[in-house]
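A, B, ... follow the sequence lines: proteins, then strands. Residue 1 opens every chain.
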Amino acid sequence: MPELPEVETMVRGIQPAVEGRIVEAMTKCRCSCRPILVRPGWRRFVQRVRGSRVERVERLAKRVVLCLSTADRLVIEPRMTGLMLLSDPPDREHLRICWKLADSGGSNALWFWDRRGLGTVQLYSAHEFEADLCSGHLGPDALAITPADLKHRCNGSRRPIKSLLLDQRTIAGIGNLYASEILHVAGISPKTRSDSLSTTRVRRLHATIYDILEQAIRYEGSTLGDGTWRNALNKSGRYQNEHRVYAREGKVCRTCRRGRIRRIIQTQRSTFYCPVCQR
DNA sequence: ATTAATGTTCAGAA
DNA sequence: TTTCTGAACATTAA
């Protein structure tokens, strides 16, 4: 689930408890599930991390980045169900990794919890981080992209706009849920060919991307029916109450009160939209 | 009881 | 080059 708003909520939630602290220990939680991907292997990972200080916590697209005093970057990718927690995990069964943090004032713990186990935790040198994550395969952040850049990228693709918004090399941070919500508020059909959008419509799309993501951050993300998404203190998000189309197939549109929300499959993913408001 | 579907990413193929 | 498909995994709804 975690898309840009949820990952931003994780970062803001753990920042005060993590920045400036020393990593005293990093341990594998003994859960019955098979281990998640950690790179490099455990032994070297722990050796390189232990004793370093967390200078800053940052978000890179849908990843959480701990910038260490050694210049290494500890990168957590929650994928579908990963959470960064300071306390109270939803269950102990799916706790995966614990970092024990300390400073002169005492100690506390940071956890990675992941029900499906598709998340990854990787340690990059400054050089690897620059080469693998900063250049090339991630596009500009969805909150930082300019209207002109977005227009240029739309012009260069014949794919439907919904698929383009999900392509992290084109624009980074938007996932399946927010793509549907954004296109609805922007009044654009998800099936529209990207390169057929006028400058005016792309400008509106750009403004809507920013508005929806910012509002979702203020609401601390969307906790869907399965209840997986929680902030660092194990509290639900509230943006699900604001959804206008996502997971509302067959229901009357909240915007025009006339159309019924449709669900279609695009690039193997569900897309929700209102055929009346979105053209 | 099977089967399909779920928020993500990436390798590999078309 | 661009775009699509399936797999990684655990759980739930149909």
Side-chain angles (χ1 to χ4, degrees), chain A residues 1-10 29 31-39 59-64 75-84 89-97 112-122 124 132-133 136-139 142 152-183 190-191 193-195 212-213 216-217 219-231 236-237 239-240 242-243 245-250 263-272:
Chain A
M1 153 189 355
E3 304 181 29
L4 186 151
E6 288 77 20
V7 177
E8 182 63 27
T9 302
M10 290 180 195
C29 302
C31 64
S32 55
C33 324
R34 86 181 46 173
I36 59 163
L37 175 67
V38 171
R39 191 197 63 93
R59 178 182 60 77
L60 179 68
K62 300 177 192 174
R63 297 164 169 87
V64 176
V75 179
I76 298 115
E77 194 179 340
R79 297 263 182 122
M80 297 282 263
T81 53
L83 300 178
M84 301 301 295
D91 63 50
R92 304 213 158 262
E93 180 63 19
H94 300 96
L95 275 180
R96 309 282 181 157
I97 295 173
F112 181 62
W113 180 96
D114 188 357
R115 179 152 53 75
R116 279 175 77 173
L118 297 173
T120 67
V121 176
Q122 304 194 53
Y124 292 86
D132 294 356
L133 293 179
H137 89 283
L138 276 182
H152 180 72
R153 287 162 188 272
C154 287
N155 284 345
S157 174
R158 305 181 306 181
R159 307 156 77 185
I161 186 62
K162 161 68 160 33
S163 302
L164 196 72
L165 290 180
L166 290 183
D167 182 348
Q168 303 298 298
R169 288 165 313 195
T170 301
I171 179 171
I174 299 171
N176 200 45
L177 189 161
Y178 293 103
S180 283
E181 292 296 320
I182 287 164
L183 288 172
K191 293 183 275 195
R193 253 177 67 156
S194 301
D195 60 5
I212 296 275
L213 295 178
I217 292 169
Y219 281 77
E220 299 191 291
S222 303
T223 301
L224 299 179
D226 69 359
T228 298
W229 162 245
R230 304 276 157 163
N231 70 14
S236 298
Y239 193 71
Q240 65 279 5
E242 311 302 315
H243 292 175
V245 291
Y246 187 80
R248 301 192 74 248
E249 182 180 16
R263 182 173 82 104
I264 59 173
I265 302 295
Q266 292 181 296
T267 333
Q268 311 285 84
R269 321 290 305 280
S270 287
T271 298
F272 299 89

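- At dA10(C), none of the side-chain N or O atoms of H94(A) fall inside 4.0 Å of OP1 or OP2 (strictly under the cut-off).
- Counting non-hydrogen atoms under 4.0 angstrom, R269(A) reaches a base of the nucleic acid.
- Nearer the 5' end of DNA chain C, as judged by each residue's closest nucleotide, is the contact made by L164(A), out of L164(A) and Q268(A).
- Of the candidates dT6(B), dT3(C), dT9(B), dT6(B) carries the atom nearest the M80(A) side chain, counting heavy atoms from C-beta on.
- Between I174(A) and L165(A) the shortest heavy-atom distance is CB-O, 3.6 Å.
- Spacing of P atoms, dT9(B) relative to dT1(C), comes out at 23 Å, to the nearest Å.
- S157(A) comes within contact range of the sugar-phosphate backbone alone, with a heavy-atom separation under 4.0 Å but no base atom that close.
- Contacts of G175(A) with the nucleic acid, taken as non-hydrogen atoms under 4.0 Å apart, involve only primed sugar atoms and P, OP1 or OP2.
- Taking a 6.0 Å sphere around OH of Y219(A), one finds it holds 12 or fewer heavy atoms contributed by other residues, nucleotides or ligands.
- When the nucleotides dA8(C), dT11(C), dT9(B) are ranked by their closest atom to the side chain of L118(A), dA8(C) comes out on top.
- Between the P atom of dA11(B) and the NE2 atom of H137(A) lies a distance of 8 Å, rounded to the nearest Å.
- L165(A) places its CG atom 16 Å from the C1' atom of dT8(B), with the value rounded to the nearest Å.
- Comparing atom distances between the R96(A) side chain and each of dA10(C), dT9(B), dC4(C) picks out dA10(C) as nearest.
- Picking from dT8(B), dT3(C), dC9(C) the nucleotide with the shortest atom distance to the side chain of R116(A) gives dC9(C).
- Counting only heavy atoms from C-beta on, Y246(A) has its side chain closest to dT6(B) among dT8(B), dC10(B), dT6(B).
- The residue L37(A) sits apart from the nucleic acid: no heavy atom pair falls under 4.0 Å.
- To the nearest angstrom, P of dT3(C) lies 13 Å from CZ of R153(A).
- Residue R79(A) has its side chain nearest to dT9(B) when only dT9(B), dT3(C), dA10(C) are considered.
- Following rounding to the nearest Å, E249(A) (CD) and dA4(B) (P) show an atom-to-atom distance of 17 Å.
- Counting non-hydrogen atoms of other residues, nucleotides and ligands closer than 6.0 Å to CZ of R158(A) gives a total of 12 or fewer.
- For dT6(B), the paired base is dA10(C) (Watson-Crick or G-U wobble, both distances below 3.5 Å).
- Contact annotation: R263(A) reaches the phosphate of dT6(B) (side-chain N/O to OP1 or OP2, under 4.0 Å).
- Atom CD1 in I171(A) sits 9.5 Å away from atom CG in L4(A) (nearest 0.5 Å).
- Counting non-hydrogen atoms under 4.0 angstrom, S270(A) reaches the backbone sugars and phosphates but no base.
- Of the two residues contacting DNA chain C, namely S163(A) and E93(A), the nearest-nucleotide position lying further toward the 5' end is that of S163(A).
- Rounding to the nearest 0.5 Å places NZ of K162(A) at 12.5 Å from CG of D167(A).
- A distance of about 13 Å separates the P atoms of dA4(B) and dG6(C), rounded to the whole Å.
- Judged purely by distance below 3.5 Å, without hydrogens or angles, the side chains of E6(A) and Y239(A) never pair a donor atom with an acceptor atom.
- Taking atom CG of residue L83(A) and atom P of nucleotide dT8(B), one finds them 14 Å apart after rounding to whole Å.
- The separation between L177(A) atom CG and dT8(B) atom C1' is 13 Å, rounded to whole Å.
- The shortest distance between the side-chain N/O atoms of T267(A) and the OP1/OP2 oxygens of dT3(C) is not below 4.0 Å.
- Atom CD of Q168(A) and atom P of dT3(C) are 15 Å apart (whole Å).
- Rounded to whole Å, atom P of dA5(B) lies 7 Å from atom CD1 of I265(A).
- For dA5(B) and dT5(C), the P atoms lie 14 Å apart once the distance is rounded to whole Å.
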Side chain to side chain donor-acceptor pair (under 3.5 Å) between S270(A) and R263(A): does it pass, once the steps are laid out?
-> CA-CA 6 Å; S270(A) 287; R263(A) 182 173 82 104; 2.6 Å; yes

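- A sub-4.0 Å separation between OP1 or OP2 of dT6(B) and a side-chain N or O of T228(A) is absent.
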